[in-house]
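One structure below.
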Amino acid sequence: MSKTADSGKTGPEQTSSVEQYLVKDPERFALNLARMVEQAGKAASAWAEPREKGDLRDSVSEPMTDMVKTFSKLTEYWLSDPSRALEAQTRLFSGYMNVWANAIQRIGAGDQPAASDVAPDKGDKRFQDPEWGNNAFFDFLKQAYLVTSRWANDLVEHAEGLDEHTRHKAGFYVKQISNAISPSNFILTNPELFRETVATNGENLVRGMKMLAEDIQAGHGDLKLRQADYSQFEVGRNMAMTPGKVVGRSDVAEIIQYEPTTETVLKRPLLICPPWINKFYILDLNPQKSFIRWAVEQGHTVFVISWINPDERHRLKNWEAYIREGLQYGLDTVQAATGESEINAIGYCVGGTLLAAALALLAQEGDERIKSVTFFTTQVDFTYAGDLKVFVDEDQIAALEQSMRGRGYLEGNKMATAFNMLRSGDLIWPYVVNNYMRGKDPLPFDLLYWNADSTRMSAANHSYYLRNCYLENNLSQGRMELAGHTISLQDITIPVYNLAAREDHIAPALSVFLGCKYFGGPVDYVMAGSGHIAGVVNPPAQNKYQYWTSGKPVGDFGEWIAKAKENPGSWWPHWQSWIAAKDDRRVPARKPGEHTPVLGDAPGTFVKVRV
């Protein structure tokens with residue numbers, strides 16, 4: 001939010017006057033409130049209609065039940081000992097007394113801001129408006145909220161005897177509730193929203209309710225929160241623009257081969273296996289950010305798997321199907337198109353996890369075409385798998401499997417919501433405030449367009465992934481069963497380039513580091529700056545962030561970081577040098593369609609299916 005309201009007033013005179021909070025045109029304000037109620041009715045109708053028709057079943061009860069169970073265990077710990085309960089209550093009461101003392105001090109100082117140790121964390125953008133400090137009422141609300149939310153977080157951190165999974169879930173749920181009840185999220189408790197509502201006589205609320213109704217309709221009864229102006233983007237027009245052809249198509253994947261831009265290319269072609277949880281064009285957002293285009297310019301013959309956006313027909317497509325009809329089919333297509341039996345491979349996120357499992361399976365079956373593998377923010381061991389583990393236990397997976405049984409897939413917006421909740425303070429509540437209270441359209445942003453371009457999960461695939469990776473950790477422990485084999489990562493003896501991202505909340509750098517020890521061959525571990533997306537999609541020309549390199553990824557992770565060398569800029573050239581060191585032989589550039597049929601232009605048809 002901006003530090004000044006859109007009321008036409010700026011500067012000290014605005015923040016010191018009560019006038020900014022008084023309605024100037026009561027009649028117009030009342031009319032707009034009536035219009036807001038009308039739009040709210042449309043939103044309620046959009047929500048209720050699919051439920052009345054039986055097209056949509058609410059699944060809110062399952063996560064709510066899990067949250068209540070989790071908080072019950074937390075409450076049991078604090079109430080089981082009277083002295084412990086008294087201590088917790090005393091700490092909260094002491095915090096409130098501090099807030100009250102600050103308020104009294106302000107009165108004595110003529111409403112001037114007083115020094116306070118109850119201040120927002122550095123980087124907290126919710127309380128940037130001057131009125132959070134200049135106005136005694138809003139300052140009191142802010143401090144009371146911060147004291148309460150920090151106290152609740154402390155209850156989780158200091159609850160001894162809780163198992164780690166319960167503690168993790170309790171901390172996650174506390175964070176979600178704290179973000180939701182922030183006074184910055186409500187009109188009467190947010191000075192900027194209050195001023196804007198008064199200045200526009202409530203027209204912002206009319207626009208906001210209209211947008212809410214539209215977003216519920218777009219979600220077919222569920223809220224599909226808009227995070228960007230999507231009208232500015234179109235896949236194939238100004239996104240996923242690298243020239244290429246679709247040279248293969250199976251039930252689950254299209255294989256895209258990209259046009260060369262160099263006269264000679266590396267002898268080993270490159271096959272990229274992206275996640276099916278998102279669409280592949282995160283690696284080809286636009287010409288300036290495209291890893292695919294950059295790899296082509298370095299002399300790679302690049303092939304990419306574009307996964308199907310599954311529907312009822314794919315309910316039984318499991319991991320073996322995705323390996324056979326996706327990865328292995330991709331290898332067959334690459335070999336047919338280039339004549340090469342030695343291939344470099346990249347896997348991103350869950351696409352990398354699938355690739356690791358496939359490599360272990362193919363090693364047992366004698367398929368040795370992949371000669372080097374690169375993993376982007378990929379977990380093979382799920383002991384420290386980040387906040388997504390909050391959603392994974394037997395009860396939650398069983399409930400999810402039951403909900404997928406009807407249609408044979410998980411709705412795309414369910415997974416998108418889960419990812420947004422991992423950073424709800426950045427990806428949910430700022431847009432709720434901007435869209436539905438300020439009534440403003442979000443700005444165009446290619447990354448958030450991609451983030452909202454959801455994909456479904458086939459029931460068999462998703463269930464297998466959650467159970468074998470997050471719940472049972474079978475892959476790293478040598479217990480995963482695929483195609484009649486019990487696979488082991490020790491069978492992967494080819495060179496591994498294992499990229500993590502320092503601030504990754506989906507595949508934590510620690511988790512990626514610990515996974516290195518399970519491979520049977522040499523592993524180069526590299527840690528990029530930033531997070532799960534920006535840490536990977538970091539073109540050298542932007543000269544942003546940094547990456548760390550060090551010795552073998554063994555021992556204590558903290559010690560590895562302490563000894564690591566920090567390198568400025570993108571890790572992409574470092575990876576290119578690593579690839580070239582394995583085999584830098586060159587051959588004349590290969591063009592799509594020379595040895596395989598052309599089924600269409602890149603980016604293909606599968607990626608354009610929206611949900």
Side-chain angles (χ1 to χ4, degrees), residues 58-102 116-121 124 140-183 185 381-402 417-418 421-425 428-429 466-467 470-473 505 508 510-511 514 558:
D58 273 320
S59 55
V60 178
S61 59
E62 289 90 355
M64 288 298 296
T65 299
D66 184 73
M67 185 172 68
V68 170
K69 287 181 180 178
T70 301
F71 284 156
S72 294
K73 293 179 182 178
L74 182 66
T75 304
E76 182 181 351
Y77 167 80
W78 285 103
L79 295 183
S80 61
D81 183 339
S83 62
R84 197 156 53 207
L86 180 61
E87 178 210 352
Q89 294 172 21
T90 301
R91 278 193 286 115
L92 180 61
F93 182 71
S94 175
Y96 286 153
M97 289 301 295
N98 187 27
V99 173
W100 184 251
N102 291 336
S116 170
D117 57 358
V118 186
D121 295 331
D124 191 339
F140 181 85
L141 288 177
K142 175 191 69 181
Q143 292 188 50
Y145 163 75
L146 292 173
V147 165
T148 306
S149 59
R150 289 168 182 171
W151 173 80
N153 189 62
D154 287 342
L155 290 185
V156 176
E157 290 188 9
H158 298 117
E160 301 174 2
L162 280 184
D163 65 271
E164 283 306 307
H165 183 56
T166 300
R167 186 192 305 276
H168 193 176
K169 289 200 295 183
F172 180 81
Y173 289 140
V174 164
K175 182 179 179 181
Q176 299 308 312
I177 293 175
S178 295
N179 286 340
I181 66 172
S182 170
N185 294 338
D381 179 78
F382 288 77
T383 305
Y384 301 101
D387 283 344
L388 280 176
K389 287 195 78 172
V390 167
F391 302 107
V392 181
D393 53 41
E394 182 57 45
D395 290 343
Q396 292 187 85
I397 291 180
L400 186 63
E401 289 172 336
Q402 176 63 32
T417 298
M421 287 179 68
L422 300 183
R423 293 173 55 203
S424 61
I428 294 180
W429 294 108
L466 292 179
R467 288 191 174 278
Y470 277 95
L471 185 63
E472 299 170 3
N473 203 15
H505 58 286
L510 170 63
S511 183
L514 295 178

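Predicted model only: the values in this text are computed from it and were never measured. Keep in mind that the numbers below use all heavy atoms, side chains included, and drop hydrogens, waters and symmetry copies.
For the atom pair OH of Tyr145 and CD1 of Ile181, the computed distance is 6.5 Å after rounding to the nearest 0.5 Å. Note that the NE2 atom of His505 and the CG atom of Leu388 stand 7.5 Å from one another [nearest 0.5 Å]. The line from CG of Asp66 to CZ of Phe71 is 10.0 Å long, rounded to the nearest 0.5 Å. Rounded to the nearest 0.5 angstrom, Lys389 NZ and Glu164 CD are separated by 10.0 Å. Rounding to the nearest 0.5 Å places NZ of Lys69 at 8.0 Å from NZ of Lys169. Rounding to the nearest 0.5 angstrom, the gap separating the OG atom in Ser182 from the CH2 atom in Trp429 is 9.5 Å.
Distance alone, capped at 3.5 Å, is enough to place a donor-acceptor pair between the Arg167 side chain and the Glu157 backbone. Between the Ser511 side chain and the Asp381 main chain, a donor and an acceptor come within less than 3.5 Å of each other. Side chain of Asn473 to backbone of Phe382: a donor-acceptor contact under 3.5 angstrom is found.
In this view, Glu160 satisfies the salt bridge (charged side-chain N to carboxylate O under 4.0 Å, His left out) rule with no residue, not counting sequence neighbours. Under the rule for a side chain to side chain contact (heavy atoms under 4.5 Å, CB included), the partners of Phe140 that lie at least two apart in sequence or sit in another chain are Val99, Trp100, Ala103. By the side chain to side chain contact (heavy atoms under 4.5 Å, CB included) test, Ala152 is found to be paired with Val174, residues two or more places apart in sequence or in another chain being considered. For Asp124, the side-chain hydrogen bond (donor to acceptor under 3.5 Å, both in side chains) test picks out Arg126, with sequence neighbours left out. Asp154 is linked by a salt bridge (charged side-chain N to carboxylate O under 4.0 Å, His left out) to nothing, counting only residues two or more places apart in sequence or in another chain.
Atom CZ of Phe93 has 12 or fewer neighbouring heavy atoms from other residues, nucleotides or ligands inside a 6.0 Å radius. Heavy atoms from other residues, nucleotides or ligands lying under 6.0 Å from OH of Tyr384 number 12 at most. For CD of Glu76, the number of neighbouring non-hydrogen atoms (other residues, nucleotides, ligands) closer than 6.0 Å is 12 at most.
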Let me see the working for Tyr77 and Lys73 under side-chain contact (heavy atoms from CB on, under 4.5 Å), right down to the final yes or no. CA-CA 7 Å; Tyr77 167 80; Lys73 293 179 182 178; over 6 Å; no
Evaluation steps, side-chain contact (heavy atoms from CB on, under 4.5 Å), between Leu471 and Ile397: CA-CA 9 Å; Leu471 185 63; Ile397 291 180; 3.8 Å; yes
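Closest approach of Asn185 and Ala180 over heavy atoms only: ND2-O, 3.0 Å. Residues Pro120 and Leu146 share a closest heavy-atom pair of N-CD1, 3.6 Å. What you find for Gly171 and Val156 is that their closest heavy atoms are N-CG1, 3.6 Å. Nearest heavy atoms, Gly425 versus Asn179: N-ND2, 3.6 Å. Summarising the geometry of Ser80 relative to Pro82, their closest heavy-atom pair is O-CD, 4.0 Å, with the distance given to 0.1 Å. Trp151 approaches Ala88 most closely through the heavy-atom pair NE1-O, 2.9 Å.
Judged purely by distance below 3.5 Å, without hydrogens or angles, the side chains of Asp393 and Gln396 pair a donor atom with an acceptor atom. For the residue pair Thr166/Asp163, the side-chain donor-acceptor check at 3.5 Å is satisfied.
A salt bridge links Arg467 to Glu401: at least one charged side-chain nitrogen sits closer than 4.0 Å to a carboxylate oxygen. Salt bridge status for Arg150 with Asp121: present, with a side-chain N to carboxylate O gap under 4.0 Å.
Of the candidates Thr148, Asn98, Asn102, Gln143 forms a side-chain contact (heavy atoms from CB on, under 4.5 Å) with just one, namely Asn102.
Looking at heavy atoms from C-beta onward, Leu155 lies in side-chain contact with Arg91 at the 4.5 angstrom threshold.
Identified under the ring pair (Phe, Tyr, Trp, His ring centres under 6.0 Å) test for residues 155-183, with sequence neighbours left out: Phe172-Phe391.
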